[in-house]
Amino acid sequence: MRLAILYLHLLGGIVWIGGLAYQAHVLLPAASRGEVASFAAAARRARPATWTAISLVVLTGFYNVTQLGDLQRVLETGAGLMLAGKFILVILAVALTSQRDFAHVTLLSAAVTSGGDPSKPLRAIARLDRVVLLLALVVIYLGLAVSRSSL
């Protein structure tokens with residue numbers, strides 16, 4: 001059971017962050033060169049997969065925390081502080097992803113539909129993508145550090 005939950009946790013993270021990396025490094029540069037409508041459509045279509053992956057990451061993450069063992073031992077190893085930092089960064093990444101998907105992608109779609117200027121939402125999406133990808137790297141590092149310190 002633990003292995004299946006860990007697999008789902010990693011799969012969720014790979015889908016979420018991998019999809020974001022693909023959009024940020026492949027689709028977004030194409031949008032900057034004029035393929036804005038296709039980027040907006042792809043970003044909208046990716047929402048169900050993204051939010052399913054985020055849900056998997058959060059739910060399996062909570063389960064994984066319960067499997068670390070005695071709370072006192074976890075705190076003594078220093079894993080508790082890293083785990084708290086990881087939780088805070090994941091909450092921030094989810095909030096930023098929400099802002100990206102439900103505010104800026106919506107504004108971008110509206111700009112494409114109405115023939116408006118898509119440059120401002122595109123810049124905001126690019127900025128949010130970079131921040132979330134950076135947070136993901138730190139979260140991955142902290143996750144590895146927690147798993148190594150709680151062995």
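Across all their heavy atoms, Val132 and Ala93 have their closest contact at CG2-O, 4.0 Å. Closest heavy-atom contact between Leu142 and Gly85: CD1-C, 4.0 Å. Here the closest non-hydrogen pair linking Pro118 and Ala111 is CA-CB, 4.1 Å. In plain terms, the two heavy atoms of Ser109 and Ala40 that are nearest each other are OG-CB, 3.9 Å. Shown here for Leu27 and Ala42, the closest heavy-atom pair between the two residues is CD1-CB, 3.8 Å. Across all non-hydrogen atoms, the minimal contact from Ile125 to His104 is CG1-CB, 3.6 Å.
At least one donor-acceptor pair under 3.5 Å links the side chain of Ser114 to the backbone N or O of Ala110. Using a distance-only test at 3.5 Å, with no hydrogens or angles considered, a donor-acceptor pair links the side chain of Arg47 to the main chain of Asp101. Checked by atom type and distance alone, the side chain of His9 pairs as donor or acceptor with a backbone atom of Val57 at under 3.5 Å. For Ser38 (side chain) and Glu35 (main-chain N/O), a donor-acceptor pair under 3.5 Å exists by modelled atom type.
Within the model, atoms CG of Leu89 and CG of Leu137 stand 11.5 Å from one another, a figure rounded to the nearest 0.5 Å. With rounding to the nearest 0.5 angstrom, the OH atom of Tyr7 is 11.0 Å from the CG atom of Leu56. To the nearest 0.5 Å, the span separating CD1 on Ile91 from CG on Leu96 amounts to 12.0 Å. Ile140 CD1 to Lys86 NZ: the interatomic distance, rounded to the nearest 0.5 Å, is 9.0 Å. Within the model, atoms CD of Gln67 and CE of Met1 stand 9.0 Å from one another, a figure rounded to the nearest 0.5 Å.
The environment of CZ in Phe102 is crowded: more than 12 heavy-atom neighbours from other residues, nucleotides or ligands sit within 6.0 Å.
Clustering ILVMFWY residues whenever any of their side-chain heavy atoms sit less than 4.5 angstrom apart, transitively, puts Leu68 in the very cluster that holds Phe62. Grouping the Ile, Leu, Val, Met, Phe, Trp and Tyr side chains by contacts below 4.5 angstrom, directly or via other members, places Val138 apart from Leu81. Linking ILVMFWY residues whenever their side-chain heavy atoms come closer than 4.5 Å, directly or via other members, leaves Val90 and Leu144 in distinct clusters. Residues Leu133 and Val139 are members of one and the same hydrophobic cluster, defined by side-chain heavy-atom contacts under 4.5 angstrom among Ile, Leu, Val, Met, Phe, Trp and Tyr. Both Val65 and Ile54 are part of a single hydrophobic cluster, where members link through side-chain heavy atoms under 4.5 Å apart.
Test Asp129, Leu128, Val15, Thr50 against Leu20 for side chain to side chain contact (heavy atoms under 4.5 Å, CB included) and you get one pass: Asp129.
Annotation: side chain of Met82 is not in contact with side chain of Phe87 (no heavy-atom distance under 4.5 Å). Between Leu10 and Leu6 the shortest side-chain heavy-atom distance falls below 4.5 Å. The closest side-chain heavy-atom distance from Ser98 to Trp51 is below 4.5 Å. Side-chain atoms of Val94 and Trp16, non-hydrogen and from C-beta on, do get closer than 4.5 Å to each other.
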Walk me through whether Gln23 and Arg100 qualify under side-chain contact (heavy atoms from CB on, under 4.5 Å). CA-CA 12 Å; Gln23 285 186 24; Arg100 174 202 192 272; 2.5 Å; yes
